[in-house]
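Data first, discussion second: the structure below is written as structure tokens.
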Amino acid sequence: GVDRTELYLSQAREAAEREGVQVELVLDDMRTFVREGAFDLAICMFNSLGYCDSYEEDLGVLRNMRRSLRPGGKCLIEAVGREIFAMKFRRIGAAVELPDGTLSVQSVRIHADWTRLTNRWTLVKEASVRRFEFHHNLYSGSALRGAMLEAGFAEVDLFGSLEGIPYDDLAMQLVALGYA
């Protein structure tokens, strides 16, 4: 596993120990991490690809993933597809109370060209207010396939879930499977 956040790696270590599995966890950034031809499978889940600041950075991540695969290897990308987001998007925010009593308010703004979104979180606990804002790139199925092909994948299949349903109007998420 590769992450640039030590806390996430620590949590992964604890989970691996609980499950009795051995894993290698690397403190690094997906924009720079490459291990030439080392892996049969590369996985990028939870919209992680889209957190980069630009398409060029996302493309660099895809190239690094491709370079790190052995011949015949596969790359799985899981994301919220632009088409799915457009079908479900509403301009209302969500507010939930967390177990510790913190009120979490989330709002989303779509940029005019539908290639990016801004997510704003406000956390309120007693007299304390913390605000966070982050941006995320949105990809249509065809745009993600195009980026993966540009990064060097020989072929890319799209699915509407991790269970392999078609990427159509019933899709729940965008799943791309690239072949080295």
Side-chain angles (χ1 to χ4, degrees), residues 1-5 8 11-12 15 28-35 39-94 96 104 106-121 132-180:
V2 176
D3 203 293
R4 68 181 191 167
T5 306
Y8 297 154
Q11 291 171 342
D28 204 340
D29 191 310
M30 68 180 176
R31 292 172 293 186
T32 57
F33 179 82
V34 176
R35 234 186 238 167
F39 305 106
D40 293 316
L41 178 64
I43 299 173
C44 189
M45 302 281 292
F46 310 114
N47 305 309
S48 295
L49 179 71
Y51 283 109
C52 292
D53 289 332
S54 67
Y55 172 82
E56 290 74 23
E57 282 186 315
D58 284 346
L59 185 58
V61 169
L62 291 170
R63 285 183 174 132
N64 291 346
M65 292 174 78
R66 171 60 191 90
R67 287 178 48 207
S68 295
L69 290 173
R70 292 183 182 112
K74 295 182 177 104
C75 174
L76 181 97
I77 306 284
E78 179 265 337
V80 175
R82 187 183 307 153
E83 300 90 347
I84 296 166
F85 200 83
M87 284 190 287
K88 296 179 180 182
F89 179 72
R90 301 287 180 266
R91 285 202 179 272
I92 51 178
V96 296
S104 172
Q106 181 181 2
S107 65
V108 177
R109 182 179 66 82
I110 301 296
H111 294 227
D113 63 0
W114 278 86
T115 60
R116 223 160 141 73
L117 63 86
T118 297
N119 207 332
R120 292 189 179 107
W121 290 2
F132 304 91
E133 180 175 289
F134 58 92
H135 307 279
H136 196 273
N137 297 322
L138 285 173
Y139 287 95
S140 66
S142 63
L144 182 55
R145 175 187 280 132
M148 291 179 77
L149 292 171
E150 185 177 348
F153 289 92
E155 185 181 336
V156 178
D157 291 328
L158 300 179
F159 301 96
S161 73
L162 291 171
E163 290 76 29
I165 68 171
Y167 189 64
D168 58 17
D169 61 327
L170 300 178
M172 301 303 293
Q173 60 198 138
L174 171 57
V175 177
L177 185 60
Y179 304 88

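Quick note: numbers below take in every heavy atom, side chains included, and nothing from hydrogens, waters or symmetry partners.
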Can you find a heavy atom in the side chain of [X] that is under 4.5 Å from one in the side chain of [Y]?
X	Y	value
R66	C75	no
E150	R63	yes
N119	H136	no
I43	E78	no
L177	F159	yes
H135	D53	no
Y139	I77	no
L138	T115	no

Nearest 0.5 Å please: distance from the [atom1] atom of [X] over to the [atom2] atom of [Y].
X	Y	atom1	atom2	answer
D113	R82	CG	CZ	7.5 Å
E83	S142	CD	OG	6.5 Å
D29	N64	CG	CG	9.5 Å
L62	L49	CG	CG	5.0 Å
E163	Q173	CD	CD	7.0 Å
M148	Y179	CE	OH	9.5 Å

Task: Member of V61, V2, D3 meeting the side-chain contact (heavy atoms from CB on, under 4.5 Å) criterion with F33 - done: V2
Task: Stepwise side-chain contact (heavy atoms from CB on, under 4.5 Å) test for Q106 and V96 - done: CA-CA 9 Å; Q106 181 181 2; V96 296; over 6 Å; no
TODO: Kindly assign one of parallel, tilted or perpendicular to the pair F134 and Y51, based on the angle between their ring planes and the thresholds 30° and 60°.
DONE: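 Ring orientation of F134 relative to Y51: tilted.
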Does [atom1] in [X] sit with more than 12 non-hydrogen atoms of other residues, nucleotides or ligands closer than 6.0 Å?
X	atom1	result
F132	CZ	yes
W121	CH2	no
R70	CZ	yes

- [ ] Using the side-chain hydrogen bond (donor to acceptor under 3.5 Å, both in side chains) rule, take Y167 and D157 through it: C-alpha gap first, then chi angles, then the decisive distance, then the call.
- [x] CA-CA 9 Å; Y167 189 64; D157 291 328; over 6 Å; no
Task: Backbone N/O of V156 and side chain of R145: donor-acceptor pair under 3.5 Å - done: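 A pair under 3.5 Å: yes.
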- [ ] Look only at the side chain of S68 and the backbone of V34, and say whether a donor-acceptor pair between them is shorter than 3.5 Å.
- [x]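 Looks like no, no N/O pair under 3.5 Å.
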TODO: Take E57 and M30 through the test side-chain contact (heavy atoms from CB on, under 4.5 Å) and record every step on the way to the result.
DONE: CA-CA 10 Å; E57 282 186 315; M30 68 180 176; over 6 Å; no
